[in-house]
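For reference, the structure is listed below as C-alpha cells.
Computed over heavy atoms, backbone and side chain alike; hydrogens, waters and symmetry mates excluded. Chain identifiers are assigned alphabetically (A, B, ...) following the order of the sequence lines, protein sequences preceding nucleic acid strands; residue numbering begins at 1 within each chain.
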Protein chains: 2
Amino acid sequence: MTARTSTESSRDIPEATVARLPVYLRALTSLAEAGTSTCSSEALAAAAGVNSAKLRKDLSYLGSYGTRGVGYDVDYLRYQIAREIGVTQDWPVVIVGIGNLGHALANYSGFRSRGFRVVALLDADPARHGELVAGIEVRPFDDLERIVREHAVAIGVIATPAGSAQDVADRMVACGVGSILNFAATVLTVPAGVDVRKVDLSIELQILAYHEQRKAQGEPA
Amino acid sequence: MTARTSTESSRDIPEATVARLPVYLRALTSLAEAGTSTCSSEALAAAAGVNSAKLRKDLSYLGSYGTRGVGYDVDYLRYQIAREIGVTQDWPVVIVGIGNLGHALANYSGFRSRGFRVVALLDADPARHGELVAGIEVRPFDDLERIVREHAVAIGVIATPAGSAQDVADRMVACGVGSILNFAATVLTVPAGVDVRKVDLSIELQILAYHEQRKAQGEPA
DNA sequence: ACCGGTTTGTTCTCGCGTTCACAAACTCAT
DNA sequence: ATGAGTTTGTGAACGCGAGAACAAACCGGT
C-alpha cells in the first residue's frame with residue numbers, strides 16, 4: 001500500500017496470484033515426493049485445483065520457467081516460486097495469546113517446514129508464564145519488544161481474545177513488526193505499510209451456512 | 001455452482017458480499033452491546049473496517065432496511081442479516097480429527113454463540129476414543145454416518161492430517177454433508193453442489209512473507 | 001407547509017481477475 | 001531437414017467487484 005515504485009527487477013505480481021503461489025508450491029512438493037520430475041501446466045493445475053490457463057498466467061508473472069512442448073521442471077519451478085515468495089529464507093515469528101488456538105499454532109508443523117520459526121510464545125496471563133508449549137517457554141507479553149529486536153521478527157501472530165487484539169497489534173507495530181496474522185474476531189486498525197491478514201473461523205462457517213440455507217430452500221422436505 | 005434458478009424471492013447475493021455479511025453482523029452485535037440503537041452507514045462501515053459505499057451496496061442486496069436521513073436500526077438490521085445468513089437457526093456440526101487444531105476448534109466459543117453446535121468429535125485413532133474434549137466424547141470415525149443421519153448434520157469440519165482429508169471428505173459427502181470447512185493442507189475434490197471452504201494457516205503466513213520480502217528489498221540496510 | 005440538513009439506495013465508471021484462443025517454440029520420428 | 005504433435009506464454013474479450021457521485025427520501029424547526 002506504500003508507494004514502492006520498484007526500481008528493482010521485481011515486477012509487481014497481482015494479489016490474487018500471490019495468494020495462489022503457495023498452493024502451487026505445495027502441489028509441486030507433492031509431485032516431487034511422488035517422484036515426478038517434469039509436469040505439464042494441466043497436471044500441475046489439476047493438483048492445485050485451478051484452471052490450467054490461470055496457472056500459466058500466474059507463472060508468467062514470475063518469468064518463463066517452462067519449456068514449450070514439454071512442461072515444467074518440478075524442482076526448478078519449485079525453487080523459483082519459493083524464492084519469489086520468500087520461503088527460501090528463515091522467518092522468525094512471534095505468537096501472542098497461548099490459549100487453545102495458540103497451542104495449536106505453536107505445535108503446527110506446517111510452519112517450520114516452510115521456513116517459519118516460532119521464536120517466542122507470549123501471554124498476558126502470569127499463570128501461564130514458564131509453561132512449556134511445543135518445547136518453547138511461554139513468556140510475559142512485555143518481553144515483546146526485546147524479542148522482536150533480538151530476533152528481528154517481522155511477522156506476528158495474534159491468537160488472543162478479541163478484546164486484547166488491537167492492543168497487541170499496536171504494540172507489535174510500535175516494535176517494528178510489519179506483518180500480522182490475526183485470528184482474533186475483531187477488525188484491526190494499523191498504519192499504512194503494515195500488512196494484516198485475518199483468519200476468522202466463525203465467519204467461514206457462516207458463509208457455509210448461508211449456502212446451505214440456500215440449498216435447503218430449493219428442496220422442500 | 002449448481003444451477004439453482006431460484007424461483008424463490010431470494011435474490012442472489014454476490015459472493016464477495018456474502019463474505020462480508022458476517023463481519024457486519026459482528027460489528028452490529030458490538031454496537032448493540034455498547035448500547036447503540038441506531039447507526040449510520042458511515043459508523044457501521046468504520047466498525048466493520050470497510051468503505052461506507054461498499055457497505056450500503058452490500059446491504060441493498062438484502063433489501064431496504066435503512067431510513068434515509070437517519071440510518072439503520074441496529075437490532076433490526078442485525079436480525080435481517082442473521083436471517084439472511086442463516087444464523088438464526090441451529091447448525092449441527094461434526095469435527096473430524098481431534099489433534100491440536102481439533103481441540104482448539106472444539107473449544108472455540110465463537111461457534112456456539114453463532115448457532116453452530118458441535119454434535120460430535122470423531123477421530124480415527126482408537127487411543128483417543130472416549131477422551132473428553134470440551135465436554136464431548138471423542139468417538140470412532142466410523143460413527144460418522146449414524147451421527148450425520150441422527151442429527152441432520154449439513155456442515156463438516158476437517159482437521160485431520162493432509163493424507164486423510166480426502167477420504168474424510170468423501171465419506172462426509174457420501175453421508176449427505178453439503179458443506180465442508182477444510183483445515184487440512186490439501187486440495188479437496190468434491191462433486192458439484194458441495195461447498196468447500198479452505199483455511200490454510202501456512203499459506204496465510206507465506207502471503208505475508210512475500211510482502212515482507214518486498215518491503216525489505218526497497219530499503220537496503 | 002416549507003426549507004435546510006442529513007443519510008440512504010442506486011447508477012455509472014473504472015480496474016482487476018478470469019477465461020478463451022492462438023501463435024510461438026520445443027520434441028520426436030522419419 | 002521436415003513435419004506432426006504437444007505445450008507454453010500471452011493478447012484480447014468478458015464479467016465481477018470497488019468506489020465515486022448523485023438523486024430520492026426522511027427529520028426537525030419555523
Side-chain angles (χ1 to χ4, degrees), chain A residues 1 3 6 11-24 27-28 31 36-78 80-81 84 187 192 207 210-211, chain B residues 1 3 11-24 27-28 31 36-78 80-81 84 187 207 210-211:
Chain A
M1 314 304 171
S6 97
R11 317 144 279 274
D12 56 331
I13 298 178
E15 195 54 35
T17 296
V18 171
R20 281 188 295 266
L21 289 180
V23 181
Y24 302 154
L28 284 168
L31 286 175
T36 313
S37 63
T38 290
C39 72
S40 68
S41 66
E42 201 75 39
L44 182 54
V50 301
N51 189 296
S52 71
K54 198 192 297 194
L55 168 71
R56 286 200 301 275
K57 176 148 272 201
D58 283 341
L59 294 184
S60 76
Y61 291 116
L62 311 187
S64 287
Y65 296 135
T67 310
R68 299 180 189 217
V70 179
Y72 300 93
D73 182 282
V74 171
D75 285 329
Y76 181 58
L77 182 58
R78 185 154 68 120
Q80 293 298 340
I81 295 180
E84 190 71 38
V187 176
I207 295 172
Y210 169 78
H211 291 297
Chain B
M1 315 306 172
R11 316 144 281 275
D12 57 329
I13 298 178
E15 196 54 36
T17 296
V18 172
R20 280 188 294 267
L21 289 180
V23 181
Y24 303 153
L28 284 168
L31 287 174
T36 312
S37 63
T38 289
C39 72
S40 67
S41 67
E42 201 75 40
L44 181 54
V50 300
N51 188 297
S52 70
K54 198 192 302 193
L55 168 71
R56 288 199 299 276
K57 176 166 264 197
D58 283 342
L59 295 185
S60 76
Y61 291 116
L62 312 187
S64 286
Y65 295 134
T67 310
R68 300 179 188 219
V70 179
Y72 301 93
D73 182 283
V74 171
D75 285 330
Y76 181 59
L77 182 57
R78 185 154 68 121
Q80 293 299 340
I81 294 181
E84 190 72 37
V187 176
I207 294 171
Y210 169 79
H211 291 298

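Residue A:Tyr65 is classed as a sugar-phosphate contact, given heavy-atom separations below 4.0 Å to backbone atoms only.
In this structure B:Ser40 satisfies the side-chain hydrogen bond (donor to acceptor under 3.5 Å, both in side chains) test with no other residue, sequence neighbours excluded. Residues satisfying the salt bridge (Lys or Arg N to Asp or Glu O under 4.0 Å) criterion with B:Arg56, sequence neighbours excluded, are absent altogether. Qualifying salt bridge (Lys or Arg N to Asp or Glu O under 4.0 Å) partners for A:Asp73, counting only residues two or more places apart in sequence or in other chains: none. In this view, B:Ala45 and B:Val50, B:Ser52, B:Leu55 satisfy the side chain to side chain contact (heavy atoms under 4.5 Å, CB included) rule, not counting sequence neighbours.
Under a cut-off of 6.0 angstrom, the local environment of CD in A:Glu42 is sparse, with at most 12 non-hydrogen atoms contributed by other residues, nucleotides or ligands.
For the pair A:Arg20 and A:Thr67, nearest-nucleotide mapping onto DNA chain C gives the more 5' position to A:Arg20. Nearest-nucleotide positions on DNA chain C for B:Gly69 and A:Asn51 put B:Gly69 closer to the 5' end.
Within the structure, every pair that satisfies the ring-ring contact (aromatic ring centres under 6.0 Å, His included) test and touches residues 47-74 of chain A, not counting sequence neighbours, is listed here: A:Tyr65-A:Tyr76.
Contact between A:Cys39 and A:Leu44 at its shortest, heavy atoms only, is SG-CB, 4.0 Å. Here the closest non-hydrogen pair linking B:Glu84 and B:Leu62 is CG-CD2, 3.6 Å. Nearest heavy atom pair, residue B:Glu15 against residue A:Ile207, reads OE2-CG2, 4.0 Å. Taking each heavy atom of A:Ile81 and A:Leu59 in turn, the nearest pair found is CD1-CD2, 4.0 Å.
Only B:Ser40, B:Ser41, listed by number, bring a heavy atom of residues 36-49 of chain B to less than 4.0 angstrom from any atom of DNA chain C. Contact check of residues 70-78 of chain B against DNA chain D (heavy atom, cut-off under 4.0 Å) returns B:Val70.
Nucleotides of DNA chain D that come within less than 4.0 Å of any heavy atom of chain B span, from the 5' end to the 3' end, D:dG17 to D:dC27.
Put simply, CG on A:Leu55 is 12 Å from P on C:dT18, counting in whole angstrom units.
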Could you write nucleotides 10-16 of chain C as a row of B, S and -, 5' to 3', where a protein heavy atom under 4.0 Å of any base atom gives B, of only sugar-phosphate atoms gives S, and otherwise -?
BBB----
Donor-acceptor pairs are to be reported for all side-chain atoms of residues 17-24 of chain A against protein atoms at under 3.5 Å, with residues two or more places apart or in another chain.
{"residue": "A:Thr17", "atom": "OG1", "partner": "A:Asp58", "partner atom": "OD1", "Å": "2.7"}
{"residue": "A:Arg20", "atom": "NE", "partner": "A:Tyr24", "partner atom": "OH", "Å": "3.4"}
{"residue": "A:Arg20", "atom": "NE", "partner": "A:Asp58", "partner atom": "OD2", "Å": "2.7"}
{"residue": "A:Arg20", "atom": "NH2", "partner": "A:Asp58", "partner atom": "OD1", "Å": "3.1"}
{"residue": "A:Arg20", "atom": "NH2", "partner": "A:Asp58", "partner atom": "OD2", "Å": "3.3"}
{"residue": "A:Tyr24", "atom": "OH", "partner": "A:Asp58", "partner atom": "OD2", "Å": "2.6"}

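Looking at heavy atoms from C-beta onward, A:Thr67 lies out of side-chain contact with A:Thr38 at the 4.5 angstrom threshold.
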